[in-house]
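Whatever order the structure lists them in is the order used to number ligands and atoms, beginning at 1. Bear in mind the structure is a predicted one, so any value in this text is a computation, not a measurement.
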Amino acid sequence: MDIILLGPPGAGKGTQAHRIEDHHGMRQLSTGDMLRAAVKAGTPVGLKAKAVMDRGDLVSDEIVSELIDAELTAMGPETGAIFDGYPRTEAQAETLDGILSKHGRKLDHVIELEVNEDALVERITGRYTCGECGEGYHETFKQPAKEGVCDRCGSTEFKRRPDDNEETVRNRMGVYRSETAPILPGYEARGIVSRIDGMASIEDVTHAIDTILSR
Ligand code: AMP
């Protein structure tokens, strides 16, 4: 089974992707995570992407589609994919169809997390992740059970994203509205879109996703 998690920055896509991985044995494919890894490693892709990401703009369709294609090749057909942060433009959505059919796969669900944008700024500016496994935390909403220790993997290293500041977040939301939201009607026409209240608790959102995946 392959699914797309869709929603503006801070909607909870990454948090939910990790939970779906744990519940369903699927694999999160986050182009944002892949690009951040490339920036950290100083690869040619990372060097090209860094300034674009710092502004909250989109890197080229070609770069992200190649990253996804390579991950699917490495992953093999037996593991389901959770696309997180990809596709983000109509061109990427079209390319993804081609990549999936090349790999003998197809999209089963597009799950849109619906959210209130003003609340997202608070969510995003307070969030941080485990430096080891990527588990998401929040200063107000979700601290680790034991202070300073990741619940999921026990690491004591945490990090924040450089693009999680208010100005960049507002730009990223505008980009979501103008570039990414227009991909929804195409998926709606195929009858594979489900909408979830992304402002509900993490548990409730996971439960709603589990229900969709077990249909
Ligand atoms: P994310 O972690 O999904 O919020 O992505 C962080 C940043 O990486 C975005 O603001 C973009 O600059 C870049 N990025 C991630 N995924 C894509 C994509 N599918 N297309 C273009 N740029 C992307």
Side-chain angles (χ1 to χ4, degrees), residues 2-18 20-21 27-72 81-100 107 110-113 115 117 120-131 133-138 158-184 186-187 198:
D2 289 341
I3 69 169
I4 294 174
L5 289 184
L6 210 61
K13 301 185 297 293
T15 301
Q16 295 299 331
H18 278 127
I20 302 166
E21 280 190 318
R27 194 59 214 284
Q28 176 200 30
L29 296 183
S30 157
T31 41
D33 286 349
M34 293 172 203
L35 290 167
R36 279 183 287 279
V39 169
K40 194 171 167 197
T43 66
V45 164
L47 292 175
K48 231 190 230 176
K50 186 174 183 328
V52 179
M53 293 173 75
D54 285 346
R55 287 196 305 271
D57 291 334
L58 295 182
V59 308
S60 80
D61 292 337
E62 205 178 32
I63 286 180
V64 288
S65 296
E66 273 171 22
L67 289 171
I68 288 288
D69 192 11
E71 282 296 320
L72 286 176
I82 308 158
F83 296 103
D84 164 5
Y86 179 90
R88 247 178 163 103
T89 63
E90 288 177 285
Q92 290 177 22
E94 217 171 279
T95 305
L96 176 61
D97 283 339
I99 292 173
L100 288 175
L107 266 183
V110 175
I111 300 176
E112 186 193 12
L113 301 174
V115 285
E117 283 195 11
L120 292 187
V121 175
E122 186 191 6
R123 265 198 194 181
I124 293 184
T125 50
R127 75 184 180 178
Y128 58 99
T129 55
C130 170
C133 75
E135 180 73 1
Y137 294 96
H138 193 281
F158 295 89
K159 60 184 184 189
R160 280 174 193 272
R161 288 171 45 168
D163 58 348
D164 276 352
N165 61 78
E166 181 159 353
E167 189 189 348
T168 309
V169 167
R170 296 223 181 255
N171 184 37
R172 285 156 63 201
M173 282 172 187
V175 170
Y176 178 80
R177 275 194 302 269
S178 62
E179 302 287 329
T180 308
I183 72 178
L184 266 165
Y187 291 128

Short side-chain to backbone donor-acceptor contact, Arg123 and Ala11, under 3.5 Å: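 Side chain of Arg123 to backbone of Ala11: a pair is present.
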Using a 3.5 Å distance criterion without hydrogens, assess whether the side chain of Lys13 forms a donor-acceptor pair with backbone atoms of Gly7.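 Yes, Lys13 side chain to Gly7 backbone: donor-acceptor pair under 3.5 Å.
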Pick out which of Leu6, Leu96, Thr95 makes a side chain to side chain contact (heavy atoms under 4.5 Å, CB included) with Pro87.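 Among Leu6, Leu96, Thr95, the one that satisfies the side chain to side chain contact (heavy atoms under 4.5 Å, CB included) with Pro87 is Leu96.
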Among all residues two or more places apart in sequence or in another chain, which pass the salt bridge (Lys or Arg N to Asp or Glu O under 4.0 Å) test with Glu21?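 For Glu21, the residues satisfying salt bridge (Lys or Arg N to Asp or Glu O under 4.0 Å) (neighbours in sequence not counted) are Arg152.
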Pairing residues for Arg172 by the salt bridge (Lys or Arg N to Asp or Glu O under 4.0 Å) criterion, not counting sequence neighbours: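 Once residues adjacent in sequence are excluded, the partners of Arg172 under the salt bridge (Lys or Arg N to Asp or Glu O under 4.0 Å) criterion are Asp163, Asp164.
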Identify, chain by chain and in numerical order, each protein residue with a heavy atom under 4.0 Å from an atom of ligand 1.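 These residues qualify: Thr31, Gly32, Leu35, Arg36, Met53, Asp57, Leu58, Val59, Val64, Gly85, Tyr86, Arg88, Gln92, Arg161, Asp163, Arg172.
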Non-neighbouring partners of Glu90 that pass side-chain contact (heavy atoms from CB on, under 4.5 Å), sequence neighbours left out: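 By the side-chain contact (heavy atoms from CB on, under 4.5 Å) rule, Glu90 matches Pro182, Ile183.
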